[in-house]
Amino acid sequence: MARAFLLSSLPCPYSHGEKRMENNLLGCRTQVITDILKQAEHGLLDCCKECPWSPIDEPSVGFGVSCTVHGMNWNIENKANSMIMVQDPGDTTPHRTGRLCAVHNAENPTDKTAQQNLQLWKAAVSLNWDAPEDDEYLKKHYWTNTIMHGASAETGLRERSKFETARECCSDVLALQILALKPKVLIASGTVAVNNLHDIGVIARNWASIRHEFNAGAYCEEVNSWRGLPLFKVFCTYHTSAGVVNRTLSRKYDSVKTEKLIAEKSKMLNSTESIIGFLSSYGKPASNATDRGMRFLLNHWLDIGLEIREQSKNTT
């Protein structure tokens, strides 16, 4: 497999707020996800006090929770097979709907992030190009934002300093969600998600140190005994927004290397119908920026999908 593995069982210093993090998480390991989300939504956690995007001070900020229709029903379940982290809900579909869900949000014609994430999921995870609503792997999947609340650009709150402060505060909330759900596969989608996992000591490397290693596939670390959790894997990849796909990833696409890796990884699948459907939808061959960027991401998601399916067999 063309994946970079790095064991992160050794101590990894936090980049931000180590002492605050220790204090906030002390005694919280048994906190259930319903309580965490309820407190986070209303800005009631300790870390929310310093956040410039707290709903107590800024009631117009967006907030979304993982879909219980297509994803795991976290109201009654307490363990996820897979969990994905993206950036924040500001000025996105969840800002209006309050729902984090690739299937529901893909219905918004302007939400390219959700649409493209769903296409990658169908092709490389569920291996079902036709019926995402019946996806057994989504039923064990949980969505979250690395920054739980998001400010609209119209408010003037998305200045860099406030964004970074919100990111730092919400790293505690991300840690609480991981501790509560104990996912076997963590997917960090984009710079903010990767850096927050590094900040809380889950992974040993940050975005700047791994972003040159993505040509072979998704970057992966095995995480052993982070805060007492059993072994799990973290996959780091790019965000699926139109800007990232069309500008950043279209330039990284290599018509020889990328296509060769897709072909090699596809050979490991029992069925390639979903891959054929995906490649047909995104060029024969890749003829524009979206085609090239999505094919580049498919190489990453073939790594991720293989692990999600494997771990799903063992989830109890």
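For reference, positions follow the sequence shown, starting with 1. Excluded from the calculations below are hydrogen atoms, water molecules and symmetry mates; all remaining heavy atoms, backbone and side chain alike, are included. Being a predicted model, the structure only gives us computed values, none of them experimental.
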Step by step, work out the side chain to side chain contact (heavy atoms under 4.5 Å, CB included) result for V173 and C47.
CA-CA 8 Å; V173 190; C47 59; 3.6 Å; yes

Quick test of your reading: applying ring pair (Phe, Tyr, Trp, His ring centres under 6.0 Å), list the pairs with at least one residue in residues 265-295, sequence neighbours left out, ordered by first then second residue.
F278-Y282

Ring pair (Phe, Tyr, Trp, His ring centres under 6.0 Å) contacts in which one or both residues fall within residues 148-168, not counting sequence neighbours
W53-F163, F63-H149

Check the pair E168 / E50 against side chain to side chain contact (heavy atoms under 4.5 Å, CB included), numbers first and verdict last.
CA-CA 10 Å; E168 181 180 342; E50 303 172 10; 5.9 Å; no

For residues N206 and T191, determine if any side-chain heavy atom of one lies less than 4.5 Å from a side-chain heavy atom of the other.
no

Has K139 got a side-chain atom pairing as donor or acceptor with V69's backbone, closer than 3.5 angstrom?
yes

Checking R158 now: which residues fulfil side chain to side chain donor-acceptor pair (under 3.5 Å) with it, not counting sequence neighbours?
D88

I want to check something: taking the side chain as every heavy atom from C-beta on, are Q116 and V245 in contact at a cut-off of under 4.5 Å?
yes

When you look at CD of E159, are more than 12 heavy atoms from neighbouring residues, nucleotides or ligands closer to it than 6.0 Å?
yes

Output for pair (S54 OG, H42 NE2), nearest 0.5 Å, gives 11.5 Å

Co-members of the apolar cluster containing I276 [side chain, <4.5 Å]
none

Are P183 and N81 side-chain neighbours, meaning at least one heavy-atom pair lies under 4.5 Å?
no

W121: partners by ring-ring contact (aromatic ring centres under 6.0 Å, His included), with sequence neighbours left out
H141

Are T93 and D111 linked by a side-chain donor-acceptor pair shorter than 3.5 Å?
yes

Taking atom types as modelled, is there a side-chain donor on K184 or S82 under 3.5 Å from an acceptor on the other?
no

Shortest non-hydrogen contact between D130 and N128, atoms and distance
N-OD1, 3.0 Å

In sequence, state the C-alpha distance, the side-chain angles, and the governing distance for S312 and K140, and then conclude on side-chain hydrogen bond (donor to acceptor under 3.5 Å, both in side chains).
CA-CA 8 Å; S312 181; K140 302 174 184 178; 2.8 Å; yes

With ring pair (Phe, Tyr, Trp, His ring centres under 6.0 Å) as the rule and sequence neighbours excluded, what pairs involving residues 243-277 come up?
none

Which of these passes side chain to side chain donor-acceptor pair (under 3.5 Å) with R167: D199, N195, T146?
D199

E77 meets the salt bridge (Lys or Arg N to Asp or Glu O under 4.0 Å) criterion, sequence neighbours left out, with none

Taking atom types as modelled and ignoring hydrogens, do the side chains of S60 and E58 form a donor-acceptor contact shorter than 3.5 angstrom?
no

Scan side-chain atoms only and decide if N299 and T258 contain a donor-acceptor pair under the 3.5 Å cut-off.
no

Any side-chain to backbone donor/acceptor pair from N145 onto I147? Under 3.5 Å, distance only.
no

Any side-chain to backbone donor/acceptor pair from R292 onto N246? Under 3.5 Å, distance only.
no

Hey, does the side chain of N105 reach the backbone of C101 with a donor-acceptor pair shorter than 3.5 angstrom?
yes

Taking every non-hydrogen atom, the tightest pair across A188 and L197:
CB-CD1, 3.8 Å

Heavy-atom check, side chain of V32 versus side chain of N78, under 4.5 Å:
no

Short question: side chain of H239, backbone of S241 - any donor-acceptor pair under 3.5 Å?
yes

Flag, side chain of H95 to backbone of G62, donor-acceptor distance under 3.5 Å:
yes

Under-4.0 Å salt bridge between E310 and K233:
no

Quick note, salt bridge (Lys or Arg N to Asp or Glu O under 4.0 Å) partners involving residues 95-104, not counting sequence neighbours, are none

Taking atom types as modelled and ignoring hydrogens, do the side chains of T144 and Q177 form a donor-acceptor contact shorter than 3.5 angstrom?
yes

Residues in salt bridge (Lys or Arg N to Asp or Glu O under 4.0 Å) contact with E41, at least two apart in sequence or another chain
none

Cluster check V192, I84: I/L/V/M/F/W/Y, side chain < 4.5 angstrom
no

From CA spacing to verdict: side chain to side chain contact (heavy atoms under 4.5 Å, CB included), L229, N224:
CA-CA 7 Å; L229 293 187; N224 191 14; over 6 Å; no

What do you reckon, is CD of E264 surrounded by more than 12 foreign heavy atoms closer than 6.0 Å?
yes

Please test L45 against D172 for side chain to side chain contact (heavy atoms under 4.5 Å, CB included), starting from the C-alpha separation and ending with a verdict.
CA-CA 9 Å; L45 294 166; D172 296 3; over 6 Å; no

Any side-chain donor paired with an acceptor under 3.5 Å for D91 and S152?
yes

Should W143 and V65 count as side-chain neighbours, where that means a heavy-atom distance under 4.5 Å?
no

Regarding D291 and S287, do their side chains bring together a donor and an acceptor under 3.5 Å, going by distance alone?
yes

Are Y238 and W207 an aromatic pair by the rule of ring centers under 6.0 Å?
yes

Looking at side-chain heavy atoms only, is the closest gap between T113 and N117 below 4.5 Å?
no

Okay, side chain of S209, backbone of R205: is any donor-acceptor separation there less than 3.5 Å?
no

If I compare all heavy atoms of L176 with all of I36, which pair ends up nearest, and what's the gap?
O-CD1, 3.4 Å

Any heavy-atom pair between the side chains of Y219 and F235 that's under 4.5 Å?
no

Full working for side-chain hydrogen bond (donor to acceptor under 3.5 Å, both in side chains) between N196 and S171:
CA-CA 6 Å; N196 264 27; S171 63; 5.0 Å; no

Between S274 (side chain) and A123 (backbone), is there a donor-acceptor pair under 3.5 Å?
yes

Membership question, hydrophobic clusters at under 4.5 Å side-chain separation (ILVMFWY): are V86 and I308 in the same one?
no

Mind checking side chain to side chain donor-acceptor pair (under 3.5 Å) for T237 and listing every partner two or more places apart, or none if nothing turns up?
H300

Exercise: identify the closest heavy-atom pair between A208 and R211:
O-CG, 3.9 Å

Note: D254 and K257 closest approach over all heavy atoms is OD1-N, 3.0 Å

Members other than I76 in its cluster, when Ile, Leu, Val, Met, Phe, Trp, Tyr link by side-chain heavy atoms under 4.5 Å?
none

On a heavy-atom basis, the closest approach of V61 and P55 is CG2-CA, 4.0 Å

Quick one: list whatever passes ring-ring contact (aromatic ring centres under 6.0 Å, His included) with H104, sequence neighbours left out.
H70

Among side-chain atoms of Q119 and Q115, is any donor-acceptor pair under 3.5 angstrom?
no

For residues K265 and D303, determine if any side-chain heavy atom of one lies less than 4.5 Å from a side-chain heavy atom of the other.
yes

